[in-house]
Amino acid sequence: MWKGPLVASFVSHLTVDCSDAYLLSEWWKPVLGYQDVPDDPNLPGHDECMIVDPEGKGVTVLFIEVPESKSVKNRLHLDLRPREGARDPELDRLLAHGATVVADRRGQYGPGTGWVTLADPEGNEFCILRSSAEVAEQPAPAGAADA
């Protein structure tokens, strides 16, 4: 066990391996309400594309092109919560935007609970949870992951 001085790290950004950094960054911008880095726009053909939260509150996301395609389930994924409104209308918006359903866990812990696992156009999985207002209105039972 390390006995040196306590030094902590922080998450600089989240990196997503992909086959087309520009197209995937463009797909994710409206999902998250993000934008290109000011004064450094993403362009077709860029092999690295970064998007940021315009409010400066969310984690920065970097898309990097890699030669390998996705072949197995993600070991790390994003859990998204609607900024406003509710989970189900946000789910409808994401499906209309091109997300696909991987697993539907709504109601897993009783009426109004749960989440839906989705995939982006390259198969990267992410979940849409209940909004903060929904959680406050009807907390999930103890031990439920969507609380």
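- A search for side-chain hydrogen bond (donor to acceptor under 3.5 Å, both in side chains) contacts involving E122 returns S19, not counting sequence neighbours.
- Every residue meeting the side-chain hydrogen bond (donor to acceptor under 3.5 Å, both in side chains) condition with R93, not counting sequence neighbours, appears here in chain and number order: E90.
- For D36, the side-chain hydrogen bond (donor to acceptor under 3.5 Å, both in side chains) partners at least two apart in sequence or on another chain are K29, N42.
- In plain terms, the two heavy atoms of E125 and H77 that are nearest each other are O-CB, 3.2 Å.
- Using a 4.5 Å heavy-atom cutoff, the side chains of L14 and L76 are in contact.
- Of the inter-residue distances, the one linking C49 atom SG with L43 atom CG reads 7.5 Å to the nearest 0.5 angstrom.
- Taking CG from L94 and OG1 from T100, the interatomic distance works out to 11.0 Å, rounded to the nearest 0.5 Å.
- Atom CG in D40 sits 7.5 Å away from atom NE2 in H46 (nearest 0.5 Å).
- Side-chain contact between V31 and L80 is present, with heavy atoms from C-beta onward closer than 4.5 Å.
- Residues that satisfy the side-chain hydrogen bond (donor to acceptor under 3.5 Å, both in side chains) test with D104, not counting sequence neighbours, are R106.
- Interatomic distance, W115 CH2 to Y109 OH, rounded to the nearest 0.5 Å: 4.5 Å.
- Atoms CE and NE2, on M50 and H13 in that order, are 4.5 Å from each other to the nearest 0.5 Å.
- Using a 4.5 Å heavy-atom cutoff, the side chains of L118 and L91 are in contact.
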Table please: side-chain donor-acceptor pairs of residues 56-65 below 3.5 Å, with sequence neighbours left out.
{"from": "E65", "atom 1": "OE2", "to": "A21", "atom 2": "N", "distance (Å)": "3.1"}

- Message: Could you go through V135 and R81, starting from their C-alpha distance and side-chain angles, then the distance that decides it, and tell me whether this counts as side-chain contact (heavy atoms from CB on, under 4.5 Å)?
- Response: CA-CA 10 Å; V135 172; R81 202 174 291 281; 3.4 Å; yes
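- When all heavy atoms of A86 and S131 are compared, the pair lying nearest together is CA-OG, 4.1 Å.
- For Q35 against P38, the heavy-atom pair with the smallest separation is NE2-CG, 3.8 Å.
- Note on Y34 and I128: same hydrophobic cluster, where clusters join Ile, Leu, Val, Met, Phe, Trp and Tyr whose side-chain heavy atoms are under 4.5 Å apart, directly or indirectly.
- Taking the side chain as every heavy atom from C-beta outward, D88 and V116 never approach each other to under 4.5 Å.
- Between V101 and L95, some side-chain heavy-atom pair lies under the 4.5 Å cut-off.
- We find the CZ-OG1 distance between R105 and T113 to be 12.0 Å, quoted to the nearest 0.5 Å.
- Qualifying salt bridge (Lys or Arg N to Asp or Glu O under 4.0 Å) partners for D79, counting only residues two or more places apart in sequence or in other chains: none.
- Side-chain contact between W28 and V16: absent, with no pair of heavy atoms (C-beta onward) separated by less than 4.5 Å.
- Using a distance-only test at 3.5 Å, with no hydrogens or angles considered, a donor-acceptor pair links the side chain of W27 to the main chain of H97.
- Closest non-hydrogen pair, A119 versus F126, comes out as C-CE2, 3.8 Å.
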